[in-house]
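The structure under discussion appears below in the form of structure tokens.
It should be emphasised that the depicted structure is a prediction, and the values quoted were computed from it without experimental measurement. Lettering of chains follows the sequences in order, A, B, ..., and the numbering in each one begins at 1.
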Amino acid sequence: MTIRTRFAPSPTGLLHIGGARTALFNYLFSRHYGGEFLLRVEDTDRERSTDAATQVILEGLEWLGIRHDGQTVFQSSRQSRHAEVAWQMLEAGHAYRCYLSPAELTAMREQAAAEKRPFRLVSPWRDRDPADAPSDVKPVIRLRAPREGETVVEDLVQGTVRVANVELDDMIILRSDGTPTYQHAVVVDDHDMAITHVIRGDDHLTNAFRQSQVYQANGWDIPRFAHIPLIHGADGAKLSKRHGAVSVLEFREQGFLPEALCNYLLRLGWGHGDAEILSRDEAIALFDLDGVGRAASRMDYAKLTNLNAHYLRQADNDRLTADVVARLGVTDPAVIARVRALMPGLRERARTMVELAASATFLTRVLPFDFDMKAAALLTPEAKVMLAEVATTLESGPFTSEAIDAALRGIAEASGRKLGQVAQPIRAALTGTTTSPPIDATLVALGRDEALARIRAAAA
RNA sequence: GUCCCGUUCGUCUAGAGGCCUAGGACACUGCCCUUUCACGGCGGCGACACGAGUUCGAAUCUCGUACGGGAUACCA
């Protein structure tokens, strides 16, 4: 049997990291078993769904490199099929028309609350003669759920979960306006799409009971369920805007690489021995549902950042340069060349693209520029004399890393200074700061003309 | 309220009755390396929520308590 999974977001907001991880797990699981991964946009709530949100979800998945198979299914386009199934269930006696008005429902609920007893709706219309139906109320269609026994869900992550059927009331499958409810639509769609494994957040665990009943009423095979724990904020509370970046696209803005985010998300709630760094291929080879934990996990930016630094160090220099140049708004080919030249040294020192870009800004400066406090302090009268000497020395000879290194060591030795005492003032002159990649590489990236101009300006 | 789920270092996790004096990673921290900043290397700190029980033996099994989370919609 071909394994088929799906990711079914509702386009009512952003693609947050919890959703992204759910998509990742579905994707990895299907790939691991050589199956298919489908995408279904659950836009049945017309009020809250927007095209913009759909686009954000699509863009987020693409950025993360989570590709789905086949056409994207829009749930709204399947409403007639949902209704059709509802009518069939009605005809077969697995569902019934309920004429309870919203007002009556509210009254029943309030009374139950007042009496401090749990509210379990038992609709009088479940067994009442439809001939008694009031003519002024448009009915909803409710599932005729079993009243006795229990419903059991064999969950691949949570284990066997069971609930007494008396706890579950007859849910609405078709609203009075003829539109399907989510609980019904999901089942019909998953069945029609031949989904074999439903992997989703555990906030849906209790929905699985009701959905199982719909499958059973229709005589359909129930897919395997896997309810994965939610991701919480660093404070342990449910993820929300106040936790900083929530949307995956925000992570992109904050300078995280998609491969780093995927690796981080994979390890959040899933483990495989001591494996920490996993490429996409390794993840596909190793991923399985038995490695998924049951407890909610917290978002940890420090770990994400550390992972990002790892991937930054092995990323392609041209790719990083393009990103940095875009973030800095640089268009001058000469400056772009400097950034590219120094990229191997820069990327060793940054943890995010934002930091990388910041570390490259000195390459875009135009004389005269400001020095930060520490850099300015390095430019003592004595240092300025030395800088003039350095400038003179570097005027001739090959302007290569090796030659520059040799020349600077010569100056240090001749003047009885440590190399650091020579390099730091040069670094200050070149960058206006006290940190940069190795001084020889920095000089080479800037080019002889620009480098000497900066050193002379600082020596003056 | 009721139903369902969960609980190992600060965080992510390894752990499927003896291999656990509980391992790894991040964070924090000491030292080394060093051309600044990083990287790296070697150390340190640090956890089985609590209480009963089963067992020769429990982080691992059972029950209870506490604390979290989710669900209880003509939302998804």
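- Scanning for ring pair (Phe, Tyr, Trp, His ring centres under 6.0 Å) contacts around A:H197 gives A:F29, with sequence neighbours left out.
- For A:T44 and B:rA76, the shortest distance from a side-chain N or O to OP1 or OP2 is below 4.0 Å.
- Nucleotides B:rA58 and B:rG1 place their C1' atoms 36 Å apart, quoted to the nearest Å.
- Look at B:rC39: its glycosidic torsion is within 90° of 0, and that puts it in the syn range.
- Under the rule for a ring pair (Phe, Tyr, Trp, His ring centres under 6.0 Å), the partners of A:H191 that lie at least two apart in sequence or sit in another chain are A:W220.
- For RNA chain B, the residues of residues 423-430 of chain A within the heavy-atom distance limit of 4.0 Å (strictly under) are A:A423, A:Q424, A:R427, sorted by number.
- Looking at A:T206, its side chain has no donor and acceptor atom pair within 3.5 Å of the base of B:rC3.
- The side chain to side chain contact (heavy atoms under 4.5 Å, CB included) search around A:T72 returns A:L39, A:V41, A:H68, A:F74, not counting sequence neighbours.
- Nucleotides B:rC48 and B:rC9 have their P atoms positioned 7 Å apart, rounded to a whole Å.
- Taking atom C1' in both B:rC67 and B:rG53, one finds a spacing of 22 Å when rounded to whole Å.
- The partner of B:rG68 is B:rC5, judged by Watson-Crick or G-U wobble contacts that both fall below 3.5 Å.
- Proximity of a side-chain donor or acceptor of A:T364 to a complementary backbone N or O of A:A360 within less than 3.5 Å is not detected.
- Taking atom C1' on both B:rC26 and B:rA47, the two are 15 Å apart, rounded to the nearest angstrom.
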Test A:D170 against A:R126 for salt bridge (charged side-chain N to carboxylate O under 4.0 Å, His left out), laying out the working first. CA-CA 9 Å; A:D170 295 346; A:R126 180 179 164 109; 2.9 Å; yes
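- Comparing atom distances between the A:Y182 side chain and each of B:rA76, B:rC12, B:rA73 picks out B:rA76 as nearest.
- The P atoms of B:rG44 and B:rC3 are separated by 49 Å, rounded to the nearest whole Å.
- Looking at the side chain of A:D274, the nearest of the listed nucleotides B:rG23, B:rU36, B:rC4 is B:rG23.
- Rounded to whole Å, the P atom of B:rC4 lies 13 Å from the corresponding atom of B:rU65.
- A donor-acceptor contact under 3.5 angstrom links the side-chain atoms of A:R349 to the base of B:rC37.
- Remark: A:R6 engages A:D190 in a salt bridge (charged side-chain N to carboxylate O under 4.0 Å, His left out) (not counting sequence neighbours).
- To the nearest whole angstrom, the two C1' atoms, one in B:rA66 and one in B:rG57, are 28 Å apart.
- Between A:N207 and B:rA71 there is no side-chain N or O to OP1 or OP2 distance below 4.0 Å.
- One P atom belongs to B:rA71, the other to B:rG10, and the distance between them is 29 Å to the nearest Å.
- With sequence neighbours excluded, the residues satisfying side chain to side chain contact (heavy atoms under 4.5 Å, CB included) with A:D316 are A:D318, A:R319.
- Nucleotide B:rA22 is matched to nothing when pairs are restricted to Watson-Crick or G-U wobble geometry with both distances under 3.5 angstrom.
- Here B:rA27 is the nucleotide among B:rA27, B:rC4, B:rC37 with the atom lying nearest to any side-chain atom of A:N306.
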